[in-house]
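This one's a predicted model, so the numbers in the text were calculated from it and none came from an experiment. As a basis for the values below, the full set of heavy atoms in this structure was taken, side chains included, without hydrogen atoms, waters or symmetry mates.
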Amino acid sequence: MIDDSEAADVRAFWEALGLPGLFDVHVHFLPPNIQRAVYAVFDNAGPKIGREWPIRYRQSHADRVALLRAMGVRRFPTLPYAHKPGVATYLNDWAAGFKRDVPESLWSATFYPEANAASYVGSALTAGVEVFKVHLQVGEFHLDDPLLDEVWGQLEDAGTPVVVHAGSGPVGNDFTGPGSTERLLRRFPRLALVIAHMGAPECGAFLALAERHERVHLDTTMVFTDFFPPYPVELVPRLRDLGHKVLLGSDFPTIPYPYLHQLEGLARLDLGDGWLRAVCWENGARMFGVDPAGVGP
């Protein structure tokens, strides 16, 4: 069921900014069996979660798509992420089917350090995949794993964005933090990376990477909400200057609060309507080749 009042409140937010809708670069849709497993991890507050995390949006895929449409989220990915070898191609095949069924979605894919990664990433790029997702905390690998060398070369040449969960939130391990991202960018400085959750809690280090590297962006996912630790106040003025590289992200459906709460947190930064317009629509539209003034390709 769609909560009409919730959808209306979200629409009122972007309509007040004069936008055609929202461009959310951090949304998840997964195969039902994988989705159930992810929900179970969150429900059990396991070692990678570290706290109670009541998921708000558990509707069917169809109902969640309908809710995004009702709220005016015009573009969104599915962002599958492989957690072990041999899973990526299954997730990528499922995501391709989702794209066929939901044409406004961003065609998404993932990869994992394994011998055939360059082969299936190359095939995905040829087919037209628009964005990839990797999750270092869950997958437990470093971005500069030698098995990914050819993959990163392909992605740098193609310019296809990769949403990277590299920060140590919510629970860090030996694979999280800015280290492997810094090493990767020294070798492949033209990569189009989108740092999920603004790299929290290592926000300063990842902000510096976005400042230094032309194609490194940050997504706002869950940052500036009451559920996350406060963003370092001394970094906020630098976000104003980097407004062309900050992208709206939500983590829908796996969030413990209404979708609007993320938007309200961005508004509370008081960085101006122009900054909000860039974050909520214009930057995503530019990155993925959508008409900035509308919703057409």
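Checked by atom type, the side-chain pair Ser180/His142 shows no donor-acceptor distance below 3.5 Å. Checking Tyr120 against Glu114 by side-chain atom types alone, a donor-acceptor pair falls below 3.5 Å. A donor and an acceptor atom, one from each side chain of Tyr39 and Asn44, are nowhere located under 3.5 Å apart. Side-chain contact annotation: Tyr259 with Asp9, donor-acceptor N/O pair under 3.5 Å absent.
At least one donor-acceptor pair closer than 3.5 Å links the side chain of Gln262 to the backbone N or O of Val223. Proximity of a side-chain donor or acceptor of Arg74 to a complementary backbone N or O of Leu22 within less than 3.5 Å is not detected. Formation of a donor-acceptor pair under 3.5 Å by the Asp24 side chain with backbone atoms of Ser250 is found in this model. Proximity of a side-chain donor or acceptor of Arg64 to a complementary backbone N or O of Arg58 within less than 3.5 Å is not detected. Distance alone, capped at 3.5 Å, places no donor-acceptor pair between the Thr176 side chain and the Gly172 backbone. Ser60 contributes a side-chain N or O that, together with a main-chain N or O of Asp63, makes up a donor-acceptor pair within less than 3.5 Å. Lys84 contributes no side-chain N or O that, together with a main-chain N or O of Gly139, makes up a donor-acceptor pair within less than 3.5 Å. A donor-acceptor contact shorter than 3.5 Å links the side chain of Trp275 to the backbone of Leu239. His261 places a side-chain N or O within 3.5 Å of a backbone atom of Asp226 that can act as its donor or acceptor partner. In terms of modelled atom types and a separation under 3.5 Å, the side chain of Gln137 and the main chain of Val171 share a donor-acceptor contact.
We find the CG-CE distance between Leu263 and Met71 to be 8.5 Å, quoted to the nearest 0.5 Å. Expressed to the nearest 0.5 Å, how far CG of Leu184 lies from CG of Leu148 amounts to 8.5 Å. Atom OG of Ser105 sits about 4.5 Å away from atom NZ of Lys99, to the nearest 0.5 Å. Expressed to the nearest 0.5 Å, how far CD of Glu264 lies from OG1 of Thr225 amounts to 11.0 Å. Separation of atoms CD1 (Ile34) and OH (Tyr90) is listed at 5.5 Å; rounding is to 0.5 Å. Rounding to the nearest 0.5 angstrom, the gap separating the CZ atom in Arg286 from the CZ atom in Phe23 is 11.0 Å.
For the side-chain contact (heavy atoms from CB on, under 4.5 Å) criterion with Asn283, the lone passing option out of Val25, Leu247, Leu248 is Leu247.
Side-chain contact check for Met222 versus Tyr257: some heavy-atom pair is nearer than 4.5 Å. Considering only heavy atoms from C-beta on, Thr160 stays 4.5 Å or farther from Glu130 through its side chain. Annotation: side chain of Val65 is in contact with side chain of Phe98 (closest heavy-atom distance under 4.5 Å). Taking the side chain as every heavy atom from C-beta outward, Arg238 and Glu211 approach each other to under 4.5 Å. Residues Phe29 and Trp94 form a side-chain contact, since some pair of their non-hydrogen atoms from C-beta on lies under 4.5 Å apart. Inter-residue side-chain proximity for Phe132 and Tyr81 is flagged as unmet; no heavy-atom pair is nearer than 4.5 Å. Proximity of His197 to Phe228: side-chain heavy atoms (C-beta onward) are separated by under 4.5 Å at one or more points. Side-chain contact between Leu207 and Leu242 is present, with heavy atoms from C-beta onward closer than 4.5 Å.
When all heavy atoms of Ala88 and Phe111 are compared, the closest pair comes out as CB-CA, 4.1 Å. The heavy-atom pair separating Tyr231 from Leu235 by the smallest distance is CE2-CB, 3.5 Å. Pairing each heavy atom of Leu266 with each of Cys280, the nearest pair is CD1-SG, 4.5 Å. Leu30 approaches Leu79 most closely through the heavy-atom pair CD2-O, 4.3 Å. In terms of heavy atoms, Ala82 sits closest to Thr110 at N-OG1, 3.2 Å. Here the closest non-hydrogen pair linking Arg75 and Leu106 is CD-CD2, 4.5 Å.
Note on Glu6 versus Arg56: salt bridge recorded, some NZ/NE/NH1/NH2 to OD/OE distance being below 4.0 Å. The existence of a salt bridge linking Arg187 and Asp149 is confirmed by a sub-4.0 Å separation between a basic side-chain nitrogen and an acidic carboxylate oxygen. Ion pairing between Glu156 and Arg215 fails under the 4.0 Å rule for side-chain N and carboxylate O. Salt bridge Lys245/Asp219: absent, no basic N to carboxylate O contact under 4.0 Å.
No more than 12 heavy-atom neighbours from other residues, nucleotides or ligands sit within 6.0 angstrom of CD on Glu52.
Cluster annotation: Phe175 is not connected to Val163 through the hydrophobic network of ILVMFWY side chains, with a link wherever side-chain heavy atoms come within less than 4.5 Å. Leu91 and Leu147 are members of different hydrophobic clusters when ILVMFWY side chains are connected at heavy-atom separations under 4.5 Å. Hydrophobic clustering (side-chain heavy atoms under 4.5 Å, transitive across Ile, Leu, Val, Met, Phe, Trp, Tyr) groups Val138 together with Val41.
Separation of the His28 and Phe252 ring centroids does not fall under the 6.0 Å cut-off. Aromatic rings of His244 and His217 (six-membered ring for Trp) have centroids beyond the 6.0 Å cut-off, not under it.
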Asp144/Trp152 under side chain to side chain contact (heavy atoms under 4.5 Å, CB included): CA gap, chis, key distance, verdict | CA-CA 9 Å; Asp144 60 341; Trp152 292 120; over 6 Å; no
Could you walk me through whether Leu185 and Val216 pass side chain to side chain contact (heavy atoms under 4.5 Å, CB included), step by step?
-> CA-CA 9 Å; Leu185 287 167; Val216 174; 3.9 Å; yes
Is there a side chain to side chain contact (heavy atoms under 4.5 Å, CB included) between Leu68 and Val27 once you walk through the steps?
-> CA-CA 10 Å; Leu68 289 172; Val27 167; 4.2 Å; yes
Where do Trp53 and Phe227 land on the ring pair (Phe, Tyr, Trp, His ring centres under 6.0 Å) test, with the steps shown first?
-> CA-CA 9 Å; Trp53 196 303; Phe227 194 73; 4.9 Å; yes
Steps toward side chain to side chain contact (heavy atoms under 4.5 Å, CB included) verdict (Leu136, His165) | CA-CA 6 Å; Leu136 304 190; His165 185 132; over 6 Å; no
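Applying the side-chain contact (heavy atoms from CB on, under 4.5 Å) rule to Pro201 yields the partners Ser168; only residues at least two apart in sequence or on another chain are considered.
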